[in-house]
Amino acid sequence: MPSGLPRGISDRSRRGWGPGASGTKMIRNLLLLGAVLLSLTTAVAQAPRTVVVRAARMLDPVAGRIVPNPVVVVSGDRIQSVGGNPPAGAATIDLGDLTLLPGLVDAHTHNLLQPDDEVTPPILTKSQAYRAIEGVAAARKNLDAGFTTMRDLDSEGAGFADVALRDAISKGVVPGPRLLVATYALTITAGHMNNAGFNPDIALPEPATLTDSRDAMIAEIRREVKYGADWIKLYATGTLRHVNRETLEPLAQVSLDEVKAVVAEAARWRKDVAAHAYGGAGARNAVEGGVRSIEHGWILDEDLLKLMVQKGTYWCPTLSVFRPEAGLETPTEFSRRVVESHKRTFQNAMKLGVKIVFGTDVGAFPHGTSNREFSYMVEYGMSPLEAIRSATVRAAELLRMDKEIGSIAPGRFADLIAVQGDPQESPIRDEGRRRLQT
Ligand SMILES: [Zn+2]
């Protein structure tokens, strides 16, 4: 998340969608089936169990159409068939008048970060053990909000606790979304994710790894891979405190040569690189250097957006974390300009055909409220269906998991959620939810 924001960017007061939330049609239930968790935990001990899931409708985000009366057969943690005759005698979950959807993906999260960490740097005040426990609670909330997969883009100083959380979830020790984790982020001395304003005579742990040369970056990637990273996170620009208040020019943290080296080293280990980049030269170097996704990007100009289309670079806008409702109690002229630029960039990106993926920066604001991003995307002009695609099929492509998640089809993981009404008509909201244990 953009730490170093003007104070108060995080949400310490609002939790979820209050009664004042705008919008015409509320979807009352976002309901998550326990199929994945159930199967992951039971698969170890016994033969895969078969469950038949029925509902009034199913949204197929690939075709962009509603399928009436779907019958989805789940065996173990996978979808066995969609449509056709269900096996006789199998347990059935009938969801009645709900609409089935593939589980949602939030491609920019921080399960190890909590809103209060925006006030006091957790690296200085909380133990890793305590942060891991907070992460367990966060993961559960995010799962219950319908997010069955999350790319967790750095532990913000909680070390390899994200690897531990990922593994505990996948082994069924605790409930949570499937996680793809980045461990430490790569940054530079004086750049993003540095402790700022402390006594230089006291050695303090830093929330990211300070990699001040190409060689240091390469060595850090190897260390992260060794200890379990799925993705490499690179700070290609600074944070908001580095942004020029006049021109909005961000601090460029990396050269083209460095990005190329980072991408090549990550590729050696079959890892992809996500670059935190607002815009300017740092973002251009990231795109030209071949990162797979640009994070935030609230001031990407048209030329760069065109280059992203050309190179197939994905973009996670994380609109939520820059919106004042996410916690900036007193919006300033500067924050208003950032939000305005973000909106303009989002609309240009849509027009030019950039691959926009749903990502929120949840953790900087309360876990379990990522759904707010859908409303912002729709407010800025995206259709509810496209917003859902960004959180399902397109996110699955970004993660190179399109054969595994993001759609309801035979062979995919049985990541299923259900909502009331037709989610093509209004953005998915979060109004009460329950998780079925089967
Ligand atoms: Zn972030």
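For ligands, and for the atoms within them, numbers begin at 1 and follow the listed sequence. As a basis for the values below, the full set of heavy atoms in this structure was taken, side chains included, without hydrogen atoms, waters or symmetry mates.
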Indicate yes or no for a side-chain donor-acceptor contact from Lys311 to the backbone of Glu288 under 3.5 Å, with no hydrogens or angles considered.
yes
Nearest to the Zn ion (ligand 1) - the N/O/S atom of Asp361, by atom name
OD1
Looking at Arg394 and Glu386, is there a salt bridge between them, counting it only when a charged N and a carboxylate O are closer than 4.0 Å?
yes
His108, N/O/S atom nearest the Zn ion (ligand 1):
NE2
Phe198, CZ: over 12 other non-hydrogen atoms inside 6.0 angstrom
yes
So which N/O/S atom does His110 have closest to the Zn ion (ligand 1)?
NE2
Across all chains, not counting sequence neighbours, the salt bridge (charged side-chain N to carboxylate O under 4.0 Å, His left out) partners of Glu404 are Arg78
